[in-house]
Every structure is written in structure tokens, then in C-alpha cells.
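This report concerns only the one structure given below.
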Amino acid sequence: MAAEFDLVVIGSGPGGYVAAIRASQLGQKVAIVERENLGGICLNWGCIPTKALLKSGEKFESLSHLKEYGLSASGASFDFDAIIQRSRGVAATMNKGIGFLMKKNKIEVIEGSATLEKGPNGASGAPKVVVALKAGGARAIEAKTVMLAVGARARSLPQIGLEADGDKIWAYRDALAPKKLPKTFVVIGSGAIGIEFASFYRALGAEVTVVEAVDRIMPVEDEEVSKAAQKSFEKRGIKFKVGAKVTRVTKSAKGVSVAVEIGGKAETLEAEVCISAVGITANTDGIGLEALGVELDRGHIKTDSHCQTNVKGLYAIGDCAGAPWLAHKASHEGIHAAEHIAGYKTPNVHSPIAGCTYAQPQVASVGVTEQAARAENREVKIGRFPFRVNGKAVAAGEIDGFVKVIFDAKTGALIGAHMIGHEVTEMIQGYVTAITMEATEEDIHGIVYPHPTMSEAMHEAALDAYGRMLHL
């Protein structure tokens with residue numbers, strides 16, 4: 001019997017739905033299986049609704065700085081329930097948009113939970129997909145190719161009591177739609193998720209303490225940026241405990257107690273709520289991978305340079321296939337895999353991937369850090385430029401932060417870029433493009449940057465690396 005579909009994609013997050021669309025564009029007959037909401041975690045419980053919350057927090061906090069702009073207002077307040085409902089409304093709008101895209105591209109949406117079994121052709125063909133349908137019953141699907149885009153979930157550490165209950169210990173879903181606004185928080189983990197929630201709740205006046213196990217916050221970022229970020233966040237009233245090992249989280253009638261060890265000394269932090277932001281766990285259990293012999297690496301699916309697993313006809317993309325756990329990385333892999341399946345010669349799946357944190361101030365980066373370059377004994381040229389002397393930043397009252405760039409001294413290639421400041425997440429793509437196109441310092445020096453824009457700091461930082469900075 002002929003396969004029912006050319007491709008079945010399991011999971012409709014930013015990797016899965018984009019892969020399905022691209023495959024359909026290339027003439028494939030496609031189905032997508034989703035057990036919950038179209039758009040996955042990103043659109044419904046991650047990237048999009050968090051940005052809606054952060055914008056509300058930013059708008060409210062900005063009211064306390066009106067005098068700096070020659071403005072005044074009184075009686076500023078907020079409706080917490082309305083803030084949450086706006087965020088959920090944004091997510092719902094995006095969810096409907098994905099549904100429209102599926103219909104437009106003639107992709108069949110199958111609602112239910114999928115598991116994999118050996119296909120009718122055994123090791124020479126793709127696995128069979130068996131879906132426990134939301135509406136009841138089951139459906140067995142045969143396809144020429146299957147793509148796993150099953151994502152990941154919040155990691156829990158029950159051995160120390162760090163397990164979300166939606167009441168006093170929150171994971172990201174709980175933090176996105178709480179029933180009330182607590183006055184005090186302990187956030188465990190200072191990656192993007194932890195910092196963004198700390199930033200939002202602090203903007204609404206909550207007392208927030210962030211606990212980080214290593215000796216600086218945002219440890220994946222360049223050290224210079226992470227130190228500047230901590231200073232900026234502390235100015236806003238966020239407290240930090242770095243080099244702090246969490247030994248126990250205990251719930252009480254009043255809230256939670258978080259026991260930490262710092263430099264060999266024990267300390268206890270008290271709060272109404274603890275937010276767990278200690279990483280993620282791939283959704284690879286219970287879907288039949290073991291029986292098929294799919295190779296895993298610490299719970300993540302191992303893939304080759306085209307997102308293929310070791311099982312014929314089975315691909316894996318996004319969070320379930322390993323770091324970095326970012327929506328845009330998943331989309332990029334989905335497109336690459338769909339084109340490879342259709343027989344196209346595809347661009348490099350290992351293109352540079354930017355990291356973005358949407359706190360106040362924002363942090364964005366791509367490529368190697370200075371520490372990584374030094375550790376590899378690479379000879380580098382480094383340039384910096386602060387926003388405090390950028391005309392647009394001064395006019396806008398957004399002078400915190402800087403741009404830092406790293407060039408290979410031998411070749412002149414741009415190999416890293418790191419930013420902290422207002423809306424730098426909108427600027428980092430310029431450097432992503434430059435690294436992808438293998439730009440050198442001559443290329444970047446020769447670009448005409450519009451004036452006045454904060455992006456001019458990108459130019460000045462590149463000039464500074466070669467002793468040519470103009471405005472400082």
C-alpha cells in the first residue's frame with residue numbers, strides 16, 4: 001500500500017509548522033500532528049506571551065521616568081488580570097494564525113498524541129505514526145518520511161523539592177498565567193527565562209531575588225555583558241545570589257524557603273513564590289524511540305548535518321534535537337530538513353544563531369565570546385562602543401549599555417558580537433548576517449549606517465577594533 005503522506009511532522013511549534021509549510025511549498029503531501037495547541041510552546045506558552053507581559057511591564061515602569069522627558073502624570077496603576085489576559089489574547093491570535101497557514105498550505109492537522117512504531121517496510125522505511133486522537137480512538141499513519149519536532153518541557157529537580165505545583169513553585173507556564181500577583185519571588189536560574197520573568201515581575205513592583213549556581217548571571221553570555229547586565233538589573237532593584245547552590249526548596253503556609261550554599265555557608269531565602277528556570281528536558285520519552293533504536297545523547301535525539309537520525313526516514317529538529325534551545329534555530333532546522341527531504345541542495349544547517357534576552361535592558365549576542373576565543377588561543381581584535389555617546393540613544397534617553405565585537409586578527413573575519421541596551425534584540429541580526437556572509441572588518445567598515453540610529457554604535461564598535469573609532 002502506498003504511503004498516505006510524503007511527510008508527517010510531529011509537533012507544531014516554530015520548527016514543526018515551518019517545516020510543514022516548506023515541505024508543502026515543495027510539492028509534498030504533508031500532515032502535522034499536535035497534541036495541544038498549534039504553535040507549540042513558543043506561540044502559546046513561551047516566546048510570544050512572555051514578550052506581551054514584558055511590554056506591559058516596560059510601559060508601566062517607564063511612567064516613573066516621565067519627568068526626564070519633560071512630562072508628568074499622576075495616579076499610574078495597573079490591572080494585573082488585564083495584563084495577563086492581554087498576553088493570553090496575543091497567544092490566541094498567533095494560534096489562529098497558524099491554523100490559517102495550515103489551511104492555506106493544504107496541510108492536514110491531526111489532533112492527538114503520536115507514538116512511533118516500526119513501519120511496514122522494517123528498517124528500509126520510515127516508522128509508522130500511531131496517533132491517539134483527541135476526539136477518541138486511534139489512527140495509524142504511513143508516510144515516506146517522519147519528522148520529530150516534539151520540543152521540550154521545563155526541567156524539575158524533585159530530589160531537592162524543586163517541582164512545579166502551580167501554587168508556590170512555578171514553571172514558565174505558571175508564571176505566564178498566575179491567579180494573583182505575589183509580592184516576593186525567588187527565581188532559580190539566570191538564563192533568558194529566569195531573567196525575563198525577574199524583569200517583568202520587578203517592573204510591577206515585586207521583590208525579586210535571582211539565584212545562579214555559577215559565579216555570574218547569564219553565564220552563556222560574554223563575561224563583560226553579564227557583569228554589565230547584573231549592574232543594570234540591580235539598579236532596578238533585582239537582587240542576585242551568584243555562586244549559590246540550591247540545596248533544598250521547602251513549601252510552607254506562607255510560601256517557600258529556598259536553602260542555598262554560598263562559599264560553604266548556608267543561607268535561606270524566603271518568598272511567596274519560587275520560579276524554577278533551571279533548564280529544559282526534551283520530550284523524547286514515551287514516544288517509541290527506544291524500540292526503534294533511535295540514538296540519544298542525554299535525552300536529546302542525535303542527528304547528522306541534515307537533521308537525520310540514525311533511523312531511516314526519521315528526522316528530528318528543534319529543542320528535542322539539542323542546544324541551542326531557541327525557536328529560530330528550530331525554524332531554521334525545519335526548513336533545512338524539509339528541503340533536504342525534497343532533494344534540494346540546502347545551505348549550512350549550522351548557521352550562526354543569535355541569542356536574545358528581552359529584559360530591561362535587553363541582551364543579544366551571536367558567535368564566540370571573548371572568553372571562548374581566548375581559551376582557544378585565537379588572536380583577536382576587540383572593539384566596543386557605549387550607547388551613552390550615541391546621538392539617537394541620548395535623544396531617546398536610552399544610554400545604558402554598549403556594543404562589543406570580536407574579529408579574528410589574522411583574517412579580519414567577524415567571529416562574535418555582544419550587545420546590551422535598549423532594543424538590541426532588533427539590532428543583532430545585522431551582525432548575524434555579517435557572520436553568515438563571512439564579512440571582514442573592511443566589509444563592516446564600509447557599510448553606511450543611517451543617522452541618527454542606535455545601530456551606528458555597531459559601526460563604531462567595529463571601527464574601534466582597528467583603532468578608527470570616531471565619536472569617543
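In this chain, numbering begins with 1 at the start of the sequence shown. Fair warning: this is a prediction, and the values are worked out from it, not measured in the lab.
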*Please name the pair of heavy atoms, one in E224 and one in F402, separated by the smallest distance, quoted to 0.1 Å.*
O-CZ, 3.9 Å

_Other residues, nucleotides and ligands only: do more than 12 of their heavy atoms fall within 6.0 Å of CZ on R384?_
yes

_Any donor-acceptor N/O pair, R139 side chain to V130 backbone, under 3.5 Å_ = no

*How close do C356 and I428 get, heavy atom to heavy atom, and via which atoms?*
SG-CG2, 4.2 Å

*When rounded to the nearest 0.5 angstrom, what is the spacing between OG1 in T281 and CH2 in W325?*
9.5 Å

*Flag if over 12 foreign heavy atoms under 6.0 Å of CD1, I193*: no

*Examine distances only and state if a side-chain atom of D222 and a backbone atom of T369 form a donor-acceptor pair shorter than 3.5 Å.*
no

*Side-chain donor/acceptor of D304 to backbone N/O of C307, under 3.5 Å*: yes

_Taking every non-hydrogen atom, the tightest pair across Y69 and A396_ = OH-O, 2.7 Å

*Does the side chain to side chain contact (heavy atoms under 4.5 Å, CB included) test come out yes or no for I10 and V129, once each step is laid out?*
CA-CA 9 Å; I10 302 174; V129 179; 4.1 Å; yes

*At what distance, to the nearest 0.5 angstrom, does OG of S232 lie from CD1 of I238?*
10.0 Å

_Looking only at side-chain N and O atoms, does E333 offer a donor or acceptor that is under 3.5 Å from a partner on H336?_
no

*Hey, mind stepping through T357 and M218 against side chain to side chain contact (heavy atoms under 4.5 Å, CB included) and telling me if it holds?*
CA-CA 9 Å; T357 302; M218 307 180 79; 3.4 Å; yes

_Has N390 got a side-chain atom pairing as donor or acceptor with A393's backbone, closer than 3.5 angstrom?_
yes

*With H422, which of Q360, M427, M454, K392 fulfils side chain to side chain contact (heavy atoms under 4.5 Å, CB included)?*
M454

*asked:* For residues 237-263, which residue pairs pass the side chain to side chain donor-acceptor pair (under 3.5 Å) check, not counting sequence neighbours?
replied: D165-K251, K241-E267, S257-E270

*asked:* Looking at K59, I'd like to know if its NZ atom is crowded, meaning that more than 12 non-hydrogen atoms belonging to other residues, nucleotides or ligands lie closer than 6.0 Å.
replied: no

What side-chain donor-acceptor pairs closer than 3.5 Å can you find for residues 12-22, not counting sequence neighbours?
residue: S12; atom: OG; partner: E34; partner atom: OE1; Å: 2.7
residue: S12; atom: OG; partner: G39; partner atom: N; Å: 3.2
residue: R22; atom: NE; partner: E339; partner atom: OE2; Å: 2.9
residue: R22; atom: NH1; partner: Q25; partner atom: OE1; Å: 3.0
residue: R22; atom: NH2; partner: E339; partner atom: OE2; Å: 3.3

*Under the side chain to side chain contact (heavy atoms under 4.5 Å, CB included) criterion, do L269 and V211 qualify, and how do the steps go?*
CA-CA 10 Å; L269 307 174; V211 178; 3.6 Å; yes

*asked:* Test your reading of the model: is there a side-chain donor-acceptor pair from Y431 to the backbone of V405, 3.5 Å cut-off?
replied: no

_Distance (rounded to the nearest 0.5 Å) between E272 CD and L181 CG_ = 8.5 Å

*Test item: L176 and W45 side chains (from C-beta on) under 4.5 Å apart, heavy atoms*: yes

*In Å, rounded to the nearest 0.5 Å, how long is the span from NZ of K265 to CD1 of I262?*
10.5 Å

*Step-by-step side chain to side chain contact (heavy atoms under 4.5 Å, CB included) determination, H418 to I406*: CA-CA 9 Å; H418 309 274; I406 304 170; 3.9 Å; yes

*Between N95 (side chain) and L38 (backbone), is there a donor-acceptor pair under 3.5 Å?*
yes

*Keeping the roles fixed (side chain from D319, backbone from A282), state whether a donor-acceptor pair exists under 3.5 Å.*
no

*asked:* Show the nearest heavy-atom pair for residues L43 and A91, with the distance to one decimal.
replied: O-CB, 3.4 Å

*Please answer whether the main-chain N or O of F100 pairs with a side-chain N or O of K104 as donor and acceptor at a distance below 3.5 Å.*
no

*When you check the side-chain N and O atoms of R236 and S199, is any donor under 3.5 Å from an acceptor?*
yes

*Given the rule in the salt bridge (charged side-chain N to carboxylate O under 4.0 Å, His left out) test, do E207 and R202 qualify, once you have shown the distances and angles that lead to the verdict?*
CA-CA 6 Å; E207 294 296 321; R202 179 57 193 157; 3.5 Å; yes

*Is it true that atom CZ of R35 has more than 12 heavy atoms of other residues, nucleotides or ligands lying nearer than 6.0 Å?*
no

*Does a donor on one side chain and an acceptor on the other come within less than 3.5 Å for H340 and Y315?*
yes

*P127 and V311: which non-hydrogen atoms are nearest, and at how many Å?*
CG-CG1, 4.2 Å

*Can you name the residues that form a side chain to side chain donor-acceptor pair (under 3.5 Å) with K227, not counting sequence neighbours?*
E223

*In Å, rounded to the nearest 0.5 Å, how long is the span from OG1 of T309 to CD1 of I317?*
13.0 Å

*Would you say the side chain of L116 lies within less than 4.5 Å of the side chain of L314, judging by non-hydrogen atoms?*
yes

_Whether the side chain of N105 engages the backbone of I107 through a donor-acceptor N/O pair (distance < 3.5 Å, no angle test) should be reported._
no

*Tell me yes or no: between the side chains of S226 and E221, is some donor less than 3.5 Å from an acceptor?*
no

*Looking only at non-hydrogen atoms, find the nearest pair between R86 and S56 and report the distance.*
NH1-OG, 4.0 Å

*Ignoring hydrogens and angles, tell me if any N or O in the side chain of D400 forms a donor-acceptor pair with the backbone of G421 under 3.5 Å.*
no

*Please identify each residue that fulfils side chain to side chain donor-acceptor pair (under 3.5 Å) with K55, with sequence neighbours left out.*
E58

*Do I169 and E163 have side chains that get closer than 4.5 Å, going by heavy atoms?*
no

*asked:* Measuring only between side-chain heavy atoms, which start at C-beta, is I84 closer than 4.5 Å to P178?
replied: yes

_Any L289 side-chain heavy atom under 4.5 Å of L148 side chain_ = yes

*asked:* According to side chain to side chain donor-acceptor pair (under 3.5 Å), does anything in residues 168-194 pair up with another residue at least two apart or in another chain? List the pairs.
replied: E36-R173, S190-E212

*Are any of the side-chain heavy atoms of F200 and T50 separated by less than 4.5 Å?*
no

*Going by heavy atoms in the side chains, are V246 and L162 under 4.5 Å from each other?*
no

*Name all residues meeting the side chain to side chain donor-acceptor pair (under 3.5 Å) criterion together with D215; count only those two or more places apart in sequence or in a different chain, and write none if there are none.*
none

*Is there a side-chain contact between L157 and V278 (heavy atoms, below 4.5 Å)?*
yes

*If you measure from CD on Q308 to NZ on K302, what distance do you get to the nearest 0.5 Å?*
15.0 Å

